[in-house]
Protein chains: 2
Amino acid sequence: MSESEGVRRTPLNRERVLAAAVAFADREAGGTDALSMRKLAQELGVVPMALYKHVANKEELLAGMVDTVVGGIDPPAAGADWKGAVRERVLSARRALRRHPWAPRVIEALPAPTPAVLGHLDAVIGLLRAGGLSADLAHHAMHALGGRLLGFTQELFDASPEAAPDPGVAARLAARYPHIAEVAATAAHAERAAEDGTAVGGGCDDQFEFEFALDVLLDGIERLHLAGWTSTGARRAVQ
Amino acid sequence: MSESEGVRRTPLNRERVLAAAVAFADREAGGTDALSMRKLAQELGVVPMALYKHVANKEELLAGMVDTVVGGIDPPAAGADWKGAVRERVLSARRALRRHPWAPRVIEALPAPTPAVLGHLDAVIGLLRAGGLSADLAHHAMHALGGRLLGFTQELFDASPEAAPDPGVAARLAARYPHIAEVAATAAHAERAAEDGTAVGGGCDDQFEFEFALDVLLDGIERLHLAGWTSTGARRAVQ
DNA sequence: ACCTGAACACCGTTCAAGT
DNA sequence: ACCTGAACACCGTTCAAGT
């Protein structure tokens, strides 16, 4: 029997299963949608049921994949001001997750946060508390930061609404959604200007948009902190 | 032949298919995960393939369901200041979507935004432009608002990490994630105080968290607008 | 201990046929 | 025009059996 037919030195463990699953989702266009227990087993040269010795079911496989990826987030930097430290850690999370485009969707779809995700959230709250924010404000700040905490935002808006260069279709879209068209044209103009060297730039740059939103939120939270904001006070003010 | 066996007055049209699918996802605990073409057909007293005359495939069915729901968002109020108008429209989107808990996940999972979603985004940009914001700032503001534009945020953080009242488990979780535990305890305390009438309240109230984040973002964007922010200037400042 | 074979209860979708 | 029956190529998972 040749090596490829059945002999296997390393008898398949949880780590190897998760690593193969992550590699598969990274490689395939469909990400985890293209991943099935059967195809993963085939990739490992094993019958599907063999996987169930190392992973309880598909959901646990997905949770394990998430933890593998989220475990790669750098530990928070010590010493910086809280805003800088949170900013750095969130950008580190973004770097870790951008290598695995399927991860954000899986994290959101799982019924409960995984241990590595909880660890990351706990670390960010720790940075806010170390910066002097009350547990109350830290709590609401975490809500405001939301999905951005893990380095992703829903790409709802800049998912190109067709990727259609057909000028006829584009014109019809522009007629129906004039404000979207104007904003898109502005971004395109700024980008072209940047290429010509006639302006510093603009356009729709993922990283820039991410940092813009992150900074609006961090600045707003800092302002509340300095003003002595409390949720009790905020509720009282509304009444 | 009895009515229940085969005779059907209304011969099944797209609208009836979509309405039945929405009703099914609303009723079932699993939402759209529990929805299959076969079960939907059974519900309509029809063989599965009959659906394919009214809907190209399952993805188009899901897109149609989203448009049915998003179409229920109220039109923007006229006359108010831009911040108030955007706030109102986003809260209206939230009200429309909260009746269909499966909708946010489906909207994010679809490969392209549906017409009704594009219409909503276009309307919000229109409000920002009417308020005097540049197309440039409006563009970045839309990114900052992100998923909140449709009235939802990922419930990553307050998805109770086990819904476990077992005190042993809770103690172990608190030991591993001390900052999460502290924040949770603060929220619980504030809530209890609110019930006792000894304080105005706090706790983890979905609606309050949503408005908190929304207002941090809107206030930050207004501040940039009043300060004459441009993306070109922001990029230049970094260099 | 770890892996296998056969089977169960599902999927979405195509195609040729019915009325 | 609208619906059907039978079939195809998949799923995740269980169970009893093998080594």
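Chain naming here is simple, since letters A, B, ... match the order of the sequence lines and numbering starts at 1 in each. Side chains are part of it too, since the values below use all heavy atoms of this structure and drop only hydrogens, waters and symmetry mates. In this text the structure is predicted, and so the values were computed from the model without any measurement.
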Whole angstrom value for the distance that separates C1' of C:dC10 from CD of B:Q42
13 Å

Any base atoms under 4.0 Å from A:M49, or only sugar-phosphate, or nothing? Heavy atoms, all strands.
base

Counting side-chain heavy atoms from CB outward, which of D:dC11, C:dT4, D:dC3 is closest to A:S36?
D:dC11

Does B:K53 reach a base, just sugar-phosphate, or nothing at all? Heavy atoms under 4.0 Å.
base

Compare the minimum distances between each of D:dC3, D:dG12, C:dG12 and the side chain of A:M37, then state the nucleotide with the smallest one.
D:dG12

Should the pair B:R176-A:D122 be classified as a salt bridge under the 4.0 Å nitrogen-to-oxygen rule?
no

Mind checking the C1' distance from D:dC10 to C:dC8? Whole angstroms is fine.
15 Å

Salt bridge flag under 4.0 Å for residues B:K39 and B:E28
no

What is the separation between atom CG on B:N13 and atom C1' on D:dA1, rounded to the nearest whole Å?
14 Å

Whole angstrom is fine here: how far is it from CD in B:E59 over to C1' in C:dG12?
12 Å

Kindly say if B:H54 contacts the phosphate of D:dC3, meaning a side-chain N or O under 4.0 Å from OP1 or OP2.
yes

In whole angstrom, what separates A:R14's CZ from C:dC2's P?
14 Å

Given that both distances must come in under 3.5 Å, which nucleotide forms a Watson-Crick or G-U wobble pair with C:dG5?
D:dC15

Between CD of B:E60 and C1' of C:dT13 the distance, given in whole Å, is 14 Å

Within this structure, what is the OH-to-C1' distance between A:Y52 and D:dT14, rounded to whole angstrom?
10 Å

Does atom CD (B:E60) have a neighbourhood of more than 12 heavy atoms from anything else shown, all under 6.0 Å?
yes

Taking the inter-plane angle between the rings of A:H140 and B:F212 on a 0 to 90° scale, is it parallel (under 30°), tilted (30 to 60°) or perpendicular (over 60°)?
tilted

Counting only side-chain nitrogens and oxygens, does B:K39 get under 4.0 Å of the OP1 or OP2 atom of C:dC11?
yes

Considering only heavy side-chain atoms of B:R38, the closest of C:dT13, C:dT4, C:dG12 is C:dG12

Between D:dG12 atom P and A:L51 atom CG, what is the distance in whole Å?
10 Å

Whole angstrom is fine here: how far is it from CG in B:D33 over to P in C:dG12?
12 Å

Answer yes when B:R129 and A:E182 have at least one side-chain N-carboxylate O distance shorter than 4.0 Å, and no when they do not.
yes

